[in-house]
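Notes follow the structure.
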There are 2 protein chains.
Amino acid sequence: MSLEHAILGFLNYHPYTGYDLKKIFDHSVQHFWAADQSQIYRTLARLKENGWTEVEKVPQEDHPDRKVYHITESGKAELRRWLLAPPPMEPPRSAPLIQVFFSGQLSNEEVLAKFESFVAIMQHILAQYEAIPAQIAEYQRDVPSPREHFFWLLTLENGIANMRANLAWAQSVIERIKNGQVPEK
Amino acid sequence: MSLEHAILGFLNYHPYTGYDLKKIFDHSVQHFWAADQSQIYRTLARLKENGWTEVEKVPQEDHPDRKVYHITESGKAELRRWLLAPPPMEPPRSAPLIQVFFSGQLSNEEVLAKFESFVAIMQHILAQYEAIPAQIAEYQRDVPSPREHFFWLLTLENGIANMRANLAWAQSVIERIKNGQVPEK
DNA sequence: ATCTTATATATGCTTAATCTTATATTATCA
DNA sequence: TGATAATATAAGATTAAGCATATATAAGAT
């Protein structure tokens, strides 16, 4: 139900269409909540059924009519309720760690290659994160608030902190393999 | 499809029933891949359809018959293929970060409470992690291999590293709130 | 005496998410 | 000329997962 509230959060800043929201998601929250286009549209429909949004139809020539979603008072109340509710923590889930768990049956060379590819992927993700501050700053055009901007950047900080922790972990494993600190049997 | 391969991984150690596997999951991989009982049974059925396992029916008095799943040669090959494949990284997904992203509209007191509850939750999770080494060590009864044991513990190391990074991040946010470093508007 | 837990498997129902495809026009690029 | 991208919305199909419930017996706890 998190996508619902993420969308409500943006609609609380400004009325948007599904098309707008897809672009905004891709440029601001993608590092912790990527959203599929069809899922945004379906969730928007549900938000309307719940009475949390209202639709303004904006006719256009040459293009399909825009359906601009506005948050309602009820939607604002729901957003605030959710923001104040306990953090919706989910149990951690990592498919790569399944590979690690069963890596004992691989050779040291194969394990080394695996962890080196972890490192490469994480470095790549960290490099991609470098583009995000500019994208987030751009969104200040819609919402020119240093306070809001501060919290947006906190989410990126968190992503970077996690990725660095993962990177340091993988590098320490590589060291241990190279130093012969991994039991052979 | 990760649960499939996690189950294959355990069946490669030893033949098990769905009931066995549920208990093993709860004691060894729960910190990065919690598995639902019904999901384990359904996945076991699929594994058999794929020819990756074979079932040995063990009749019992007083209790339902046990269906012991054995990995096949084809299952072993599939497991090895998957272990050597690139890490199945998934885009990060964090509902709590959605709350953070939109926290600008809360008061500093409310935000402080939110981050303090993050800290409490993460400390609680870290405390729970302390019980895991003993549980994992216990599984050495089935699989007495120091090498396997080493990789099992690596997954816990990763969880701890991530949780500590999250904790340090939340604590630094609390400091900034208390020091008046958060923009008011 | 009753309740809960352990042993053991399985189905029903629901849902968020993902991927694919449909529709229709305009503009841009090669 | 042909292909792709941008603008805009939406439905179809599939799936992993999660939660509840069914069945049946035995052992242990209150």
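Here is how names work: the chains are called A, B, and so on, in the same order as the sequence lines, proteins then strands, and each is numbered from 1. What you are looking at is a predicted structure, and each value in this text was computed from that prediction instead of being measured. Heavy-atom basis, side chains included; hydrogens, waters and symmetry copies ignored.
None of B/Trp82, B/Trp33, B/Phe10 except one satisfies the ring-ring contact (aromatic ring centres under 6.0 Å, His included) rule with B/His5; the exception is B/Trp82. In summary, of the residues considered (B/Lys76, B/Arg81, B/Arg80), a side-chain hydrogen bond (donor to acceptor under 3.5 Å, both in side chains) with B/Glu78 occurs for B/Arg81 alone.
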Practice prompt. Assign a letter to each nucleotide of nucleotides 3-19 of chain C from its 5' end: B, base within under 4.0 Å of a protein heavy atom; S, sugar-phosphate only; -, no contact.
Written response: ---SBBBBBBB--SBBB
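Open room surrounds CZ on B/Arg164; 12 or fewer heavy atoms of other groups in view lie less than 6.0 Å from it.
Here the two rings, on B/Tyr41 and B/Tyr69, have centers that are 6.0 Å apart or farther.
Between B/His149 and B/Trp152, the two ring planes are perpendicular [angle over 60°; tilted spans 30° to 60°].
Checked by atom type and distance alone, the side chain of A/Asp36 pairs as donor or acceptor with a backbone atom of A/Ser38 at under 3.5 Å.
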Would you list the atom pairs, donor with acceptor, under 3.5 Å between side chains in residues 127-136 of chain A and any protein atom, with sequence neighbours excluded?
none

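When hydrophobic clusters are built by joining Ile, Leu, Val, Met, Phe, Trp and Tyr residues whose side-chain heavy atoms come closer than 4.5 Å, directly or via intermediates, A/Ile160 is grouped together with B/Phe115.
For A/Lys22, the salt bridge (Lys or Arg N to Asp or Glu O under 4.0 Å) test picks out A/Asp26, with sequence neighbours left out.
Here side-chain hydrogen bond (donor to acceptor under 3.5 Å, both in side chains) pairs that include residues 166-175 of chain B, with residues two or more places apart or in two chains, are A/Asn158-B/Asn166, A/Asn162-B/Asn166, B/Ser172-B/Arg176.
When DNA chain D is scanned in the 5' to 3' direction for atoms under 4.0 Å from non-hydrogen atoms of chain B, the outermost contacting nucleotides are D/dA16 to D/dA26.
Each end of the helix from C/dA1-D/dT30 to C/dA30-D/dT1 yields a helix axis from five base pairs, and these two axes differ in direction by 30° (to the nearest 10 degrees).
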